[in-house]
Amino acid sequence: MNYLSPSILSADFKNLGNDLKTIDEAGAEYVHIDVMDGSFVPNISLGLPVIKSIRSATKKVFDVHLMIDEPIRYIEEFVNAGADIITVHVESCQDVAATLDKIKSFGVKAAITLNPGTPVKAIMPYLSMVDMVLVMSVNPGFGGQKFIPDSIDKVKAIKAELEKKNLNKVNIEIDGGINIENLATVLEAGVNVVVAGSAIFKGDAAENVKKFKEVMSAWN
């Protein structure tokens with residue numbers, strides 16, 4: 001099953017409730033929420049109060065991507081704010097396994113990700129502990145960047161390792177520079193959760209969601 005996760009980092013913040021309603025009604029399954037602390041990445045973005053305030057605007061899955069140092073400190077707070085999936089960076093955790101265990105202890109889904117410059121072997125020991133692996137196809141911290149082509153090789157390597165370990169229920173997500181032109185390429189490589197920001201919210205968000213879903217339906 002394929003899932004579309006529009007990134008609200010590219011939404012209209014003064015109209016966020018309506019934007020969430022638009023992508024919800026158009027058929028997006030997830031809402032991707034980027035949390036940046038200005039330390040792990042050179043930017044600051046959405047935090048707990050915003051997540052809490054928009055939780056009532058949609059029943060869709062909150063796909064929360066923590067780009068913060070030592071996220072283990074805040075797992076319970078993000079769960080209480082409404083997160084359904086929590087993704088952490090292998091680079092940001094002193095104890096990756098403990099962080100993933102803590103996420104799972106609250107009954108939400110755990111995911112792991114890595115920066116473009118980090119070799120894929122860094123996350124391989126944790127594949128059996130997660131529900132999803134996120135491949136960053138841009139450098140984290142800012143929206144609107146161009147897709148890094150080498151990300152495809154990472155997706156394929158992760159897909160092969162999941163199949164080798166019989167972990168076929170683990171989803172593969174990609175985030176960064178995804179648009180309607182390269183969508184089929186990442187799906188073919190093994191991605192089944194697609195994050196898109198500018199490609200959804202620039203222009204008619206409802207129509208853009210439908211275009212993405214049309215392409216993704218061919219790979220279900």
Side-chain angles (χ1 to χ4, degrees), residues 1-7 28-30 32 34 40-41 61 63-67 71 83-104 108-141 145-197 199 212-220:
M1 178 70 182
N2 291 326
Y3 305 93
L4 179 61
S5 188
S7 172
E29 293 85 5
Y30 293 179
H32 191 80
D34 289 307
F40 179 66
V41 292
V61 171
D63 172 20
V64 178
H65 177 193
L66 300 183
M67 289 173 270
D84 298 295
I85 305 169
I86 296 178
T87 302
V88 296
H89 278 257
V90 68
E91 305 93 348
S92 73
C93 303
Q94 185 173 355
D95 189 333
V96 177
T99 305
L100 296 173
D101 280 340
K102 186 162 187 178
I103 296 169
K104 301 285 277 189
V108 300
K109 292 183 177 181
I112 194 165
T113 186
L114 69 169
N115 290 337
T118 301
V120 74
K121 66 181 181 180
I123 63 166
M124 293 304 190
Y126 308 106
L127 295 183
S128 63
M129 301 181 65
V130 300
D131 301 283
M132 185 171 75
V133 179
L134 167 59
V135 175
M136 290 300 300
S137 46
V138 297
N139 290 300
Q145 298 179 60
K146 290 185 178 180
F147 179 80
I148 298 173
D150 289 350
S151 306
I152 294 295
D153 292 334
K154 283 188 174 180
V155 171
K156 291 179 178 178
I158 292 164
K159 180 71 172 177
E161 190 68 13
L162 291 173
E163 290 178 349
K164 179 181 175 181
K165 294 183 176 180
N166 198 29
L167 297 170
N168 299 313
K169 292 184 179 180
V170 177
N171 292 320
I172 301 177
E173 182 175 46
I174 197 161
D175 179 7
I178 304 300
N179 53 48
I180 204 71
E181 286 75 27
N182 59 23
L183 178 58
T185 301
V186 300
L187 294 169
E188 184 177 15
V191 167
N192 72 307
V193 183
V194 175
V195 178
F212 266 72
K213 293 299 294 178
E214 285 174 6
V215 175
M216 293 172 72
S217 65
W219 297 88
N220 277 328

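FYI, side chains are in, hydrogens and waters are out, and symmetry mates aren't considered; it's all heavy atoms of this structure. We count residues from 1, following the sequence as given.
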**Request:** Check step by step if side-chain contact (heavy atoms from CB on, under 4.5 Å) holds for His32 and His65.
**Result:** CA-CA 7 Å; His32 191 80; His65 177 193; 3.6 Å; yes
**Message:** Among residues at least two apart in sequence or on other chains, which ones pass side chain to side chain contact (heavy atoms under 4.5 Å, CB included) with Asn166?
**Reply:** Asn168
**Request:** Apply side chain to side chain contact (heavy atoms under 4.5 Å, CB included) to Glu188 and list each qualifying residue two or more places apart in sequence or on a separate chain.
**Result:** Trp219
**Message:** More than 12 heavy atoms of other residues, nucleotides or ligands under 6.0 Å from NZ of Lys104: yes or no?
**Reply:** yes
**Request:** Using a cut-off of 6.0 Å, state whether more than 12 heavy atoms not belonging to Lys156 lie near its atom NZ.
**Result:** no
Separation of [Y] [atom2] from [X] [atom1] (nearest 0.5 Å):
{"X": "Glu173", "Y": "Asp63", "atom1": "CD", "atom2": "CG", "answer": "4.5 Å"}
{"X": "Ile112", "Y": "Ile103", "atom1": "CD1", "atom2": "CD1", "answer": "9.0 Å"}
{"X": "Ser5", "Y": "Leu134", "atom1": "OG", "atom2": "CG", "answer": "9.5 Å"}
{"X": "Ile172", "Y": "Ile158", "atom1": "CD1", "atom2": "CD1", "answer": "6.0 Å"}
{"X": "Thr99", "Y": "His89", "atom1": "OG1", "atom2": "NE2", "answer": "13.0 Å"}
{"X": "Lys102", "Y": "Asp95", "atom1": "NZ", "atom2": "CG", "answer": "11.5 Å"}

**Asked** Does Lys121 pair with Glu161 as a salt bridge, N-O distance under 4.0 Å?
**Response** no
[Y] and [X], any side-chain heavy atoms less than 4.5 Å apart:
{"X": "Val61", "Y": "Tyr3", "answer": "no"}
{"X": "Val96", "Y": "Met129", "answer": "no"}
{"X": "Ile123", "Y": "Val133", "answer": "yes"}
{"X": "Phe40", "Y": "Leu66", "answer": "no"}
{"X": "Leu187", "Y": "Val194", "answer": "yes"}

**Request:** Mind checking side chain to side chain donor-acceptor pair (under 3.5 Å) for Ser7 and listing every partner two or more places apart, or none if nothing turns up?
**Result:** Asp34
